[in-house]
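What you see below is based on every heavy atom in this structure, not just the backbone, and it leaves out hydrogens, waters and symmetry mates. We count ligands from 1, going down the list as the structure has it; atoms in each ligand are counted the same way.
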Amino acid sequence: MAKKFQNFINGRWVDAASGKTFENRNPARWDEVVGVFPLSGKEDVEAAVRAAREAFETWRLVPAPKRGDIMRAVGDLMVARKEDLARQMTREMGKVLAETRGDVQEGIDTAYYAGGEGRRLFGHTVPSELRDKFNMALRVPIGVAGIVTPWNFPMAIPTWKIFPALLCGNTVVFKPASDTPATATALVEILAEAGVPPGVVNIVHGGGGEVGTAIVGHPDVDCVSFTGSTQVGKTIAETAARTLKRVSLELGGKNAQIVMDDADLSLALEGVLWGAFGTTGQRCTATSRLILHEKIHEKFLAMLVDRVRKLRLGDGLLPSTDVGPCVNKGQQETVAGYVRIGLEQGATLLTGGTVPKGEGLDGGWFYAPTVFAGVKPDHRIAREEIFGPVLSVLKAGSLAEAVTILNDTIYGLSSSIYTANIDAAFRAIRDVRAGITYINAPTIGAEAHMPFGGVKQTGNGHREGGWTVYDFFSEWKTVYVDYSGGLQRAQIDNYAK
Ligand code: UN1
């Protein structure tokens, strides 16, 4: 019998009001059911929002340093359970154990950062233009935060949002991706165990159409933080606009790595292998395009294809595996669809392009690591996010051309350049339009204490991570204290004549 999971509403574990459920399966071994989860609907969201609203009135009064203590306890529990969390995560979404351990570690880092922030949450004191008057601006919580997260970073991304939201004094209604509900549940168990009071964090499992839409549209949800596709992000922004709620969107990417002719090619090779095929290419930050200087184009391609052919596909729990499966059948089909489009539009398939067969592969949603060369900037595989193990290689004759190609996308999340030339590196830092630029490092590898997010249609201007996410989850309250005992008039008294 598969393990049965529940929603967590107002401090109690409960089934969906409808009693309906859905299964979550291992993408590497499709016959293995990881768990059975509540298929929730509007009613469940209603109950969760009500609980969060009520709990807000007490949680907002808990001193921030005390909330920080709870965050540190959360971090300690995650450290103690790191290995179990990582294994469960690999079982439910497929990426290799080294990466799921990294995913949990990103959550741990975020917890301890939030712990410290409890004693900061700095505001400002500013001189008043009038005598005997004191001006300050304080951070105050917003209210109920709706948190809607994807399956590719089942622990890290929820923690990026939930920990700062809580630390600022908000309460949370959390809808995790239906492909990774077990990791999300484990996170909520930890929060409850660490001392987060009933109603402060609520989890409602189910589909985006039902549960996600209900959260985003709910008038009592004050802000929404979403990571996922650009298409869904736009719908969320439209829906949220009706109640004028604040929305943070982390959406698609079409990230590129440039390799200049003066680069250390073996370093650039390790970078692109990790950036393009880590997490089976299923990262918003994945390297989806490789822009090679024409002078090293042939040589680098030969080095690349040789290594890509040697990548070992398999169950992410096995130490021999380099690349795990796609998260589900739909994602595998999307990848296969883009490979067909690449061929139709005239790109050259150098390796991959198949659903691999063989022992350990037949029962999962695997796709062979794929490299296309001869890709033109107007090809769809150079423009659209694929979210799978497919790398499109383009050629450039100069730094300026490489940067123009890199920028020729509706997205702007991550970017990378390999060069030994410091001028080229700084020109790239200045001219590349992306939220994140790596010099001599791959497009993936964001650290929890740095701002994370993108420009153009990757987002709507907010940043997660580091100190910047605290701006999203708090409001500024401006306070004027007049201790003159009389009426003082700004703009007027000082300029009476
Ligand atoms: C994502 O792809 O959605 O930099 C997040 C990275 C990770 C986070 C990725 N630390 O690739």
Side-chain angles (χ1 to χ4, degrees), residues 78 82 86 89 93-96 98-113 147-164 176-177 179-180 183-184 187 225-233 248-257 270-289 323-324 326-327 331 385-391 409 411-416 434-455 457-460 462-466 468-469:
M78 291 176 78
K82 182 171 171 181
M89 194 192 298
M93 67 71 70
K95 65 185 174 185
V96 298
E99 291 188 43
T100 51
R101 286 186 189 125
D103 191 319
V104 178
Q105 186 58 45
E106 211 161 328
I108 294 167
D109 298 341
T110 304
Y112 290 137
Y113 190 100
I147 305 289
V148 183
T149 58
W151 44 262
N152 64 336
F153 278 81
M155 181 62 85
I157 293 180
T159 67
W160 285 2
K161 301 177 190 299
I162 293 174
F163 295 173
D179 279 304
T180 51
T183 303
L187 171 61
S225 180
F226 169 77
T227 298
S229 72
T230 293
Q231 192 195 344
V232 173
S248 171
L249 302 170
E250 289 298 344
L251 310 173
K254 190 69 188 173
N255 317 294
Q257 173 180 316
E270 296 308 321
V272 69
L273 289 167
W274 178 225
F277 303 112
T279 326
T280 319
Q282 303 171 119
R283 298 196 188 210
C284 332
T285 54
T287 309
S288 187
R289 296 177 295 154
V323 180
C326 300
V327 73
Q331 207 64 32
E385 183 172 50
I386 299 174
F387 230 66
V390 180
L391 180 66
T409 163
Y411 300 112
L413 182 53
S414 189
S415 55
S416 150
I436 306 171
T437 296
Y438 289 92
I439 308 299
N440 292 326
T443 59
I444 69 177
E447 300 176 24
H449 58 293
M450 296 293 284
F452 181 93
V455 301
Q457 293 191 34
T458 288
N460 61 342
H462 295 289
R463 290 290 179 271
E464 318 215 79
T468 40
V469 69

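- Just one of Tyr113, Phe452, Phe153 meets the side-chain contact (heavy atoms from CB on, under 4.5 Å) condition when paired with Trp160; it is Phe452.
- By the neighbour-count criterion of 12 heavy atoms within 6.0 Å, atom CD of Glu270 is densely surrounded, having more than that number from other residues, nucleotides or ligands.
- When only interatomic distances are considered, the shortest N/O to N/O separation between Ile444 and ligand 1 does not fall below 3.5 Å.
- Taking a cut-off of under 4.0 Å to the non-hydrogen atoms of Thr285, the atoms of ligand 1 that pass are 2 (O), 4 (O), 6 (C), 9 (C), 11 (O).
- The shortest heavy-atom distance from Thr279 to ligand 1 is not under 4.0 Å.
- Close approach of ligand 1 to Gly445 is summarised as follows: ligand atoms under 4.0 Å from at least one heavy atom of the residue are 4 (O), 6 (C), 11 (O).
- Residue Glu106 has at least one N or O atom closer than 3.5 Å to an N or O atom of ligand 1.
- The protein heavy-atom contact nearest to atom 4 (O) of ligand 1 is Ala446 N, 2.6 Å.
- At a 4.0 Å heavy-atom cut-off, ligand 1 does not touch Glu250 at all.
- Distances from atom 2 (O) of ligand 1 to the heavy atoms of Ala156, Gly278, Gly253, Cys284 show the closest one on Cys284.
- Of the N and O atoms on the side chains of Ser225 and Lys161, at least one donor lies less than 3.5 Å from an acceptor on the other residue.
- Atoms of ligand 1 lying under 4.0 Å from at least one heavy atom of Ile157, given by number and element, are 3 (O).
- Around atom 7 (C) of ligand 1, the closest heavy atom drawn from Met450, Arg283, Gln282 belongs to Arg283.
- Each of the atoms 1 (C), 2 (O), 3 (O) of ligand 1 lies under 4.0 Å from some heavy atom of Asn152.
- Of the charged side-chain nitrogens involved, at least one lies within less than 4.0 Å of a carboxylate oxygen, so that Glu99 and Arg283 count as a salt-bridged pair.
- Residues Val96 and Val323 have side chains not in contact (no heavy-atom distance under 4.5 Å, counting atoms from C-beta outward).
- At the top of the distance list for atom 9 (C) of ligand 1, counting protein heavy atoms only, stands Phe153 CE1, 3.6 Å.
- Between Thr437 and Ser415, the side chains place a donor N or O and an acceptor N or O closer than 3.5 Å (distance only, hydrogens not considered).
- Side-chain contact annotation: Thr287 with Thr443, donor-acceptor N/O pair under 3.5 Å present.
- Side-chain N/O atoms of Ser288 and Lys254 include a donor and acceptor closer than 3.5 Å.
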